[in-house]
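The block underneath contains the structure these notes are about, expressed in structure tokens.
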Amino acid sequence: MTTLPLFGEEGAFYQRDRVWHPPANTPGYKSTTLRAPRHALLSLAGQTKSELTGPTFGHGILNPLDNDLIRNFSQDGGEAIGQRMIVYGQVLDENARPVRGTLVEFWQANAGGRYRHKREGYQAVLDPNFGGCGRAITDDNGYYHFRTIKPGAYPWPNGGNDWRPAHIHFSVFGHAFAQRLITQMYFEGDPMIWQDPIALSIPDRSAVEHLIAKLDRHTTTPMDALAYRFDIVLRGRRSTLFENRPEGN
Ligand SMILES: [Fe+2]
């Protein structure tokens, strides 16, 4: 993978590698045709100082149950239905440095494949004790973790009978707000990944494999939860200028 700094050496973000990432218009994933740019992209001079040095997240914004999707929407003290698991991993920048103190958000369907969303069209039932959203802040080594249930596969109106494999959506902020990444995580061994029009919009199979969480038998909670590991690598910044900057400054 080739990467070039967007500008300068200090404070620069790496540019997206458009060979590694899927083309904006992938007809097998129908909605991309409508939203793909029709004109050549404009190159901006660079990020503004506020984007490069903007505020970071404080640990105080989190509720203790924010990273426990089994209980964080509970209506009556009950717990979400489904196969219980821990999802964890390390957020790294492109220079393999841990991204500490950053906000990781995740959202998913319930065990039946149903989202709690007013425009949801799938008939699988809602779980009264499952909301499907959570968040965590990475620790000093860049690790996040949360507890949840395995989401179900669900159908979607793309090609008549397309189904999404079980997946969890992620949003990650890197060193600054300008680095936000949104992606999806799949599960090791799921044959449906290779029938998914969204996963197949990625031209390089090894890039798809970077989106597949690995079953980790060493991190399971005995008699309680399986564990999957999903590491996330962001485009990095070459500068170490803010590496030891006090939080919030
Ligand atoms: Fe989804």
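Only heavy atoms go into these numbers, but all of them, side chains included; no hydrogens, no water, no symmetry mates. For ligands, and for the atoms within them, numbers begin at 1 and follow the listed sequence.
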Checklist line | Atom pair CD/CG of Gln75 and Asn129 - distance to nearest 0.5 Å | finding: 6.5 Å
Next item on the list: Kindly indicate whether a cation-pi arrangement holds for Lys150 with Phe187, taking the cut-offs as under 6.0 Å to the six-membered ring centre and within 45° of the axis.
Entry: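 Yes.
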Check: Does NZ or CZ of Arg116 fall inside the cone over Trp107's six-membered ring, less than 6.0 Å from its centre and within 45° of the axis?
Finding: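 Verdict for Trp107: no cation-pi partner in Arg116.
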Notebook entry, point to check: So, do Phe230 and Tyr88 have ring centers that fall under 6.0 Å from each other?
Noted result: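 No: the rings miss the under 6.0 Å criterion.
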Check: Between Trp156 and Tyr29, does the ring centre distance come in under 6.0 Å?
Finding: yes
Next item on the list: Using 2.8 Å as the cut-off, note every protein N, O or S atom close to the Fe ion (ligand 1).
Entry: Tyr115 OH, Tyr154 OH, His167 NE2, His169 NE2
Notebook entry, point to check: Quick one: do Leu226 and Phe146 end up in the same hydrophobic cluster if we chain Ile, Leu, Val, Met, Phe, Trp and Tyr together by side-chain heavy atoms under 4.5 Å apart?
Noted result: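 Yes; Phe146 is reachable from Leu226 via cluster members.
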